[in-house]
Amino acid sequence: MSDTYGETMAQRCTGLRGPQAAPEAAVIGAGPAAPPPADRRRGPAPVRVQLRWLGVSGWEIVIGRGHRRRSILFDPYLSRMPFTDAQGVTEHGIPLRLDHGAVEAVASRHLTGAPELVLVSHGHFDHMADVPQLLARPEWRQSPIRVLCDATVCSLLAAMGTPPRRLADAVLVEGGEHLQFDGYTVEVFRSLHSRRPDYGYFAPGHRPAPPSAPSVLGDLVEGNTLAYQVSVQGGPSILLMGASNFAAREIAGIRPDVAAVPMTTTATVHRYPERLLTVTGNPQVLIPCHHDDMVTPLTGPPDLLAAATSESSVRELAAAAGPGSRVVAPRHLEGMDLTALLT
């Protein structure tokens with residue numbers, strides 16, 4: 001890829017450079033909440049905020065009610081394509097087999113509408129592979145949508161045929177940014193990827209310029225892993241992460257009301273959930289994610305989706321939760337009323 005083309009893509013993307021275990025918590029559904037500690041008590045939030053799990057680490061945040069509802073997507077991966085070989089190993093050379101029908105089915109039947117923002121944590125297939133199709137939906141053509149991502153993800157979006165006007169509206173972030181939008185802010189944090197038992201991880205690498213069109217899973221490399229905190233004016237703050245790891249010094253002192261906590265392989269990251277919850281002040285609501293099998297279709301029977309979700313990961317998070325925190329186990333595609341959970 002020529003340097004000139006790389007410079008052109010950089011111009012299309014708007015660059016912003018920024019700035020011991022606790023007692024076991026109960027695992028619950030979305031029922032009435034226990035009162036939070038006095039220093040965290042907020043009272044009823046005037047703005048309704050819902051959170052819908054899209055599987056893996058994907059979420060839809062819905063702000064407001066009725067025709068005034070607005071939404072934000074985080075890591076929306078809906079294809080849920082096969083990603084392992086016959087031995088159950090994720091290999092770089094496994095073909096990239098996006099399921100366009102599945103993406104459209106979820107987008108048309110379950111999503112609120114065109115999102116205002118799409119936040120992407122990193123470049124791996126199970127986090128950004130379906131973003132180009134979503135950005136190209138004809139039904140959303142007239143709606144402004146901004147993608148927040150790093151330079152690698154922006155390059156991969158271009159390589160996968162994302163419409164040029166969507167690339168022109170992308171906002172490049174590195175971690176350290178605190179961005180104001182209409183009625184909410186987005187903070188961006190430098191983060192880390194999960195580690196396998198051998199201390200490595202899948203498909204590291206960076207793409208400062210668009211590569212050839214990806215054809216295998218390993219073509220979608222990590223780039224820089226980022227975490228985000230969305231804080232709704234008059235509503236809750238929500239910590240969103242794409243991997244079971246974090247940089248403690250980057251998020252130390254933040255106090256989200258809700259944390260969506262990835263619970264993939266955690267054994268090689270020292271006291272992962274305990275340290276995460278300590279540095280974030282034990283958020284009132286903890287929601288595990290990235291603990292499903294990543295392949296059972298989202299539009300399939302609910303009982304199959306439930307069976308494809310790791311209950312042990314939910315219990316691990318509950319065991320790490322401190323006083324005043326509780327774990328809410330999500331169900332695929334079902335909205336959770338955060339406003340009710342926090343009051």
Side-chain angles (χ1 to χ4, degrees), residues 1-2 5-6 9 54-58 74-104 106 118 120-136 147 149-162 167 191-226 241-245 262-269 289-298 300 308-310 313:
M1 193 64 61
S2 70
Y5 188 59
M9 292 311 307
L54 305 179
V56 195
S57 66
F74 173 75
D75 281 6
Y77 172 64
L78 312 175
S79 283
R80 299 175 72 85
M81 58 190 159
F83 65 96
T84 59
D85 61 16
Q87 288 71 45
V89 177
T90 304
E91 293 287 351
H92 289 230
I94 292 174
L96 191 64
R97 292 170 283 188
L98 300 177
D99 189 336
H100 299 294
V103 175
E104 181 56 29
V106 174
V118 179
V120 182
S121 67
H122 62 286
H124 286 161
F125 71 93
D126 53 331
H127 299 266
M128 63 75 61
D130 291 327
V131 173
Q133 179 181 344
L134 291 170
L135 292 176
V147 179
C149 62
D150 82 329
T152 289
V153 170
C154 191
S155 293
L156 294 173
L157 291 175
M160 296 178 74
T162 300
L167 293 173
S191 195
L192 298 170
H193 198 272
S194 314
R195 295 282 172 171
R196 297 182 306 222
D198 64 359
Y199 299 95
Y201 62 91
F202 180 77
H206 295 82
R207 297 291 182 267
S212 301
S215 61
V216 296
L217 300 187
D219 288 338
L220 298 179
V221 297
E222 175 203 8
N224 296 317
T225 294
L226 302 169
M241 299 167 56
S244 301
N245 203 351
M263 294 298 294
T264 49
T265 304
T266 64
T268 55
V269 177
C289 61
H290 216 327
H291 63 311
D292 57 351
D293 67 1
M294 295 173 41
V295 293
T296 301
L298 289 173
T309 303
S310 169
S313 296

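Evaluation of the side-chain hydrogen bond (donor to acceptor under 3.5 Å, both in side chains) rule for Ser313 yields Ser310 as partners, not counting sequence neighbours. Legend: residues meeting ring pair (Phe, Tyr, Trp, His ring centres under 6.0 Å) with His290, ordered by chain and number and at least two apart, are His127. Remark: Arg207 engages no residue in a salt bridge (charged side-chain N to carboxylate O under 4.0 Å, His left out) (not counting sequence neighbours). Judged as a side chain to side chain contact (heavy atoms under 4.5 Å, CB included), and not counting sequence neighbours, the contacts of Thr266 are Ser244, Tyr272, Glu316. Judged as a side-chain hydrogen bond (donor to acceptor under 3.5 Å, both in side chains), and not counting sequence neighbours, the contacts of Asp130 are Ser79. Partners of Ile94 under the side chain to side chain contact (heavy atoms under 4.5 Å, CB included) rule, at least two apart in sequence or in another chain, are Glu91, Arg97, Leu217. Residues that satisfy the side chain to side chain contact (heavy atoms under 4.5 Å, CB included) test with Val295, not counting sequence neighbours, are Phe83, Asp293. In this structure Tyr201 satisfies the ring pair (Phe, Tyr, Trp, His ring centres under 6.0 Å) test together with His193, sequence neighbours excluded. Qualifying salt bridge (charged side-chain N to carboxylate O under 4.0 Å, His left out) partners for Asp126, counting only residues two or more places apart in sequence or in other chains: none. Among residues two or more places apart in sequence or in another chain, the side-chain hydrogen bond (donor to acceptor under 3.5 Å, both in side chains) test is passed with Thr268 by none. Contacts of Thr84 classified as side chain to side chain contact (heavy atoms under 4.5 Å, CB included), with partners at least two apart in sequence or in another chain: Thr90. When the side-chain hydrogen bond (donor to acceptor under 3.5 Å, both in side chains) test is applied to Asn245, no partner is found at least two apart in sequence or on another chain.
Of the possible polar contacts, none joining the Arg195 side chain to the Val269 backbone as a donor-acceptor pair under 3.5 Å is found.
For the pair Thr152 and His122, the minimum side-chain heavy-atom distance is 4.5 Å or more. The shortest side-chain heavy-atom distance between Gln133 and Glu104 falls under the 4.5 Å cut-off.
His92 and Phe202 have tilted rings, their planes meeting at an angle from 30° to 60° on a 0 to 90° scale.
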